[in-house]
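Here the structure is laid out as structure tokens; the discussion comes afterwards.
None of the values given here were measured: they were computed from a predicted structure.
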Amino acid sequence: MNPAANFTEIKHPVIARDLTILRNKKTDTANFRLALSRISTILAYHALNNISLESFEVETPIQTTTGYKLGTNIVVIPILRAGLGLVDAITTFVPDARVGHLGMYRDEVTKKPVDYYVNVPDGIENALVLVVDPMLATGGSACDAISFLKSKGAREIRFICLIAAPEGVEAVQKQFPEVAVITAALDERLNENKFIVPGLGDAGDRIFGTT
Ligand SMILES: O=P(O)(O)OC[C@H]1O[C@H](OP(=O)(O)OP(=O)(O)O)[C@H](O)[C@@H]1O
Ligand SMILES: O=c1cc[nH]c(=O)[nH]1
Ligand SMILES: [Mg+2]
């Protein structure tokens, strides 16, 4: 795969350490959540890079100077369930971000996404829409989510995930070259069950302690 300009794999020593915690099958739920939270925060920080600012005058105790506030409305759309694990990372930086939800699970036989819940806030056409899901495997869920959000008027979408398979990145880039994909790891491939290799298993199950 030859990732295009709209693909970013963030490399950082803390990410390398935390990805190992997430990949380790012996990691318990509590430590999984802590590592997920740290990595998600770094991803969110990068995903918010280069958003617009509005300047205004602010008075320090010493004098007046130029201050800034974010000039972009942010909407976060987690793909349920596992995407919920990345929402707090965005709202840490943007406490007033609105949060919509897309419920989708991957059918165990067909591996295709099945929708079960939709709640998207109004006004996504004037927002930066951050779609979050820890895993980008075949790309079926991501592409369905992006396609749906575009049909609802979203014009600027970034997709944030923890681990991406080359197949998933290619699928998103082919259908939606304008959508930036930001990940902590580009893994090797998918296995015969369409799980990411080496991956971390089923992200939703590991976040929520289900099997
Ligand atoms: O790229 P794809 O091949 O579509 O696979 C990725 C999807 O699979 C996982 O969700 P899952 O279906 O396990 O649902 P869950 O979040 O409820 O566990 C994951 O969180 C993605 O949404
Ligand atoms: O490896 C994978 C693939 C899809 N969904 C997951 O949670 N993990
Ligand atoms: Mg799952």
Side-chain angles (χ1 to χ4, degrees), residues 1-4 6-11 15-16 18-27 29 32-33 35-36 39-40 43 47 76-87 89 101-118 129-151 157-211:
M1 196 196 75
N2 180 22
N6 241 353
F7 172 81
T8 308
E9 181 185 17
I10 295 165
K11 293 186 184 288
I15 287 188
D18 284 337
L19 269 175
T20 309
I21 293 172
L22 296 178
R23 291 189 194 282
N24 188 342
K25 67 178 184 185
K26 293 185 179 153
T27 298
T29 306
F32 192 93
R33 286 177 180 153
L36 172 69
I39 295 191
S40 309
L43 290 173
V76 193
I77 307 277
I79 300 180
L80 308 183
R81 289 174 300 167
L84 290 172
L86 285 87
V87 173
H101 296 86
L102 289 183
M104 248 178 228
Y105 69 87
R106 210 173 65 154
D107 182 272
E108 286 186 3
V109 177
T110 65
K111 314 300 181 197
K112 302 276 182 222
V114 180
D115 304 344
Y116 61 87
Y117 184 73
V118 174
V129 179
L130 301 174
V131 182
V132 297
D133 190 330
M135 310 304 273
L136 177 61
T138 65
S141 306
C143 287
D144 268 21
I146 294 166
S147 171
F148 175 75
L149 292 166
K150 284 176 73 100
S151 78
I157 301 176
R158 299 180 186 176
F159 184 84
I160 307 173
C161 60
L162 252 63
I163 300 185
E167 293 89 333
V169 178
E170 253 179 67
V172 173
Q173 291 194 327
K174 203 169 162 193
Q175 274 196 61
F176 308 106
E178 74 284 7
V179 171
V181 175
I182 298 141
T183 190
L186 179 62
D187 271 10
E188 288 166 25
R189 62 186 168 87
L190 297 176
N191 69 13
E192 58 285 2
N193 292 317
K194 307 289 185 200
F195 268 73
I196 301 176
V197 178
L200 52 73
D202 186 298
D205 284 344
R206 298 202 64 196
I207 294 168
F208 296 110
T210 52
T211 48

[Y] and [X], any side-chain heavy atoms less than 4.5 Å apart:
X	Y	answer
Met135	Cys161	no
Ile163	Leu19	yes
Asn6	Phe176	no
Pro134	Ile207	yes

How far apart are the closest heavy atoms of [X] and [Y], and which atoms are they?
X	Y	value
Pro113	Asp144	CG-OD2, 3.4 Å
Asn193	Lys111	O-CE, 3.4 Å
Ala164	Ile196	C-CD1, 4.4 Å
Leu200	Leu22	CB-O, 3.5 Å
Ala145	Ile79	CB-CD1, 3.7 Å
Leu43	Ala184	CD2-N, 3.8 Å

Note to self: For Phe159 and Val172: C-alpha separation, side-chain torsions, deciding distance, then whether side chain to side chain contact (heavy atoms under 4.5 Å, CB included) applies.
What the structure shows: CA-CA 9 Å; Phe159 184 84; Val172 173; 5.5 Å; no
Next item on the list: State whether the number of non-hydrogen atoms from other residues, nucleotides or ligands found under 6.0 Å of Lys194 atom NZ is greater than 12.
Entry: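 Incorrect, the count does not exceed 12.
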Next item on the list: Under the side chain to side chain contact (heavy atoms under 4.5 Å, CB included) rule, what do Glu9 and Thr183 come out as? Steps first, then yes or no, please.
Entry: CA-CA 5 Å; Glu9 181 185 17; Thr183 190; 4.2 Å; yes
When rounded to the nearest 0.5 angstrom, what distance separates [atom1] in [X] from [atom2] in [Y]?
X	Y	atom1	atom2	answer
Glu178	Lys150	CD	NZ	3.5 Å
Ile160	Leu136	CD1	CG	12.5 Å
Asp133	Ile77	CG	CD1	12.5 Å
Leu80	Ser141	CG	OG	11.5 Å
Leu36	Thr29	CG	OG1	11.5 Å
Leu86	Leu162	CG	CG	6.0 Å

Notebook entry, point to check: Counting distance only, does the side-chain N/O of Arg206 pair as donor-acceptor with the main-chain N or O of Gly201 below 3.5 Å?
Noted result: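 Answer holds: no.
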Margin query: Under a 3.5 Å distance rule, please check whether Thr20 uses its side chain to pair with a backbone N or O of Ala16 as donor and acceptor.
Written below: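 Flag set: sc Thr20 to bb Ala16 pair under 3.5 Å.
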Checklist line | Residue pair Asp115, Phe148: steps toward the side chain to side chain contact (heavy atoms under 4.5 Å, CB included) verdict | finding: CA-CA 11 Å; Asp115 304 344; Phe148 175 75; over 6 Å; no
Next item on the list: For Thr210 and Arg81, test the side chains for any donor-to-acceptor distance below 3.5 angstrom and give the result as yes or no.
Entry: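 There is such a pair (donor and acceptor under 3.5 Å, judged by atom type) between the side chains of Thr210 and Arg81.
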Next item on the list: Applying side chain to side chain contact (heavy atoms under 4.5 Å, CB included), run through Thr138 and Lys112 and close with a yes or a no.
Entry: CA-CA 9 Å; Thr138 65; Lys112 302 276 182 222; over 6 Å; no
